[in-house]
Amino acid sequence: FELTNPLNNKVDFKLPKAVDYEYASCFWDFVLSGEEYYSNDFVKKYPHIKMFLDSGELPETFSAAYGPKIKRQLTRVIELLKTEPDTRWAVINILLEEDKKIWDCKTTMEYPCCGLMQFTIDKDDKLCLTVNMRSQNLYAVLPYDIFLYTSLLQVVAGVIEKEVGSFYHVMNSAHFFGKNQE
């Protein structure tokens, strides 16, 4: 799907459980910080996050957090967008080879759902973002992902001094779980 006005990134899906934008903002701050691990205060305030922290058989130092992956690649993406506005190389890879450690382990840690993000400057000189998801929970996660990725689009647009263009969200597997069917 395409959002033509991603500045309005608080989506009301009329879900039985309201989207917690205070949590979304805290999570956005965590991602933008580039930190690997959640603070104890964050885990206390949002205890549901614990289910994604158990490394099980994985090394304790393993992290599937998006923030460090984004931080390592963002400076180069911004440089490319500034110096080569027609580039198609402004890609941030989230799903990395190192994440495949999860394949053979018993763990509750999430395998990254986002594969990559690509920034492009459109014909109207606006910055656009396309996000490719290998898997997307429509009920529990999509509103938060829209907030997260469109917030990143807004930040990058500000840094490179471009207007915000469209946000495109591609899902290879769009699903919800039985408990959320109603």
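In this structure a side-chain-to-backbone donor-acceptor pair under 3.5 Å is present from D122 to D124. The main-chain N or O of P6 is found under 3.5 Å from a side-chain atom of Q154 such that the two form a donor-acceptor pair. Not one N or O on the side chain of R134 forms a donor-acceptor pair closer than 3.5 Å with the backbone of L95. Put simply, the side chain of Q136 never gets that close to the backbone of C113: no donor and acceptor are under 3.5 Å apart. With hydrogens and angles ignored, the 3.5 Å screen pairs a side-chain donor or acceptor of Q73 with a backbone N or O of N93.
With contacts defined as side-chain heavy-atom distances shorter than 4.5 Å, the pair V155/W28 qualifies. Inter-residue side-chain proximity for D125 and K162 is flagged as met; some heavy-atom pair is nearer than 4.5 Å. Under the 4.5 Å side-chain criterion, counting only non-hydrogen atoms from C-beta, Y46 is in contact with D20. Residues L152 and F119 meet the side-chain proximity criterion, which asks for heavy atoms closer than 4.5 Å. Side chains of T87 and L81 form a contact here, defined as non-hydrogen atoms less than 4.5 Å apart.
V141 and L148 fall into different hydrophobic clusters, where Ile, Leu, Val, Met, Phe, Trp and Tyr are joined by side-chain heavy atoms under 4.5 Å apart, directly or via other members. Transitive grouping of hydrophobic side chains (ILVMFWY, heavy atoms separated by less than 4.5 Å) keeps I160 and W89 in distinct clusters. In terms of hydrophobic clustering, with Ile, Leu, Val, Met, Phe, Trp and Tyr side chains grouped at heavy-atom distances under 4.5 Å, V91 and L96 are assigned to different clusters. Tracing side-chain contacts under 4.5 Å through hydrophobic residues (I, L, V, M, F, W, Y), one never reaches V170 starting from F167; they form parts of separate clusters. Note: the hydrophobic cluster containing Y168 does not contain L142 (ILVMFWY, side chain heavy atoms under 4.5 Å, direct or indirect links).
Note that the CG atom of L129 and the CG atom of L153 stand 5.5 Å from one another [nearest 0.5 Å]. N172 CG to S135 OG: the interatomic distance, rounded to the nearest 0.5 Å, is 9.0 Å. Of the inter-residue distances, the one linking K82 atom NZ with I121 atom CD1 reads 11.0 Å to the nearest 0.5 angstrom. In this structure, K100 NZ and C105 SG are separated by 14.5 Å, a value rounded to the nearest 0.5 Å. Once rounded to the nearest 0.5 Å, the distance linking OG of S25 with NZ of K10 reads 5.5 Å. To the nearest 0.5 angstrom, Y66 atom OH is 16.0 Å from L32 atom CG.
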Exercise. For the pair V77 and M117, evaluate side-chain contact (heavy atoms from CB on, under 4.5 Å) and give the outcome as yes or no after the intermediate values.
Key: CA-CA 11 Å; V77 162; M117 298 178 278; over 6 Å; no

Quiz item: Which is it for N137 and H175 under the side-chain contact (heavy atoms from CB on, under 4.5 Å) test, yes or no, and what are the steps along the way?
Solution: CA-CA 5 Å; N137 183 321; H175 61 271; 4.0 Å; yes

Practice problem: Give the C-alpha distance, both sets of side-chain angles, the deciding distance and a yes or no for salt bridge (Lys or Arg N to Asp or Glu O under 4.0 Å) between E98 and K101. | Solution: CA-CA 6 Å; E98 64 202 40; K101 289 178 185 176; over 6 Å; no

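Y21 and Y144 have tilted rings, their planes meeting at an angle from 30° to 60° on a 0 to 90° scale. The aromatic rings of Y23 and F27 lie parallel to each other, with less than 30° between the two planes, well short of the 60° mark. Relative orientation of the Y149 and H169 rings is tilted, given thresholds of 30° and 60° on the angle between their planes.
Screening I70, L116, D99 for a side-chain contact (heavy atoms from CB on, under 4.5 Å) involving I94 leaves a single residue, I70.
Atom CD of E161 is surrounded by 12 or fewer heavy atoms from other residues, nucleotides or ligands within 6.0 Å.
In terms of heavy-atom proximity, K71 sits nearest to G34 at CD-CA, 3.8 Å. The two residues S166 and E2 have their closest heavy-atom pair at OG-OE2, 2.6 Å.
Under a 4.0 Å N-O distance rule, the pair R76/E79 qualifies as a salt bridge.
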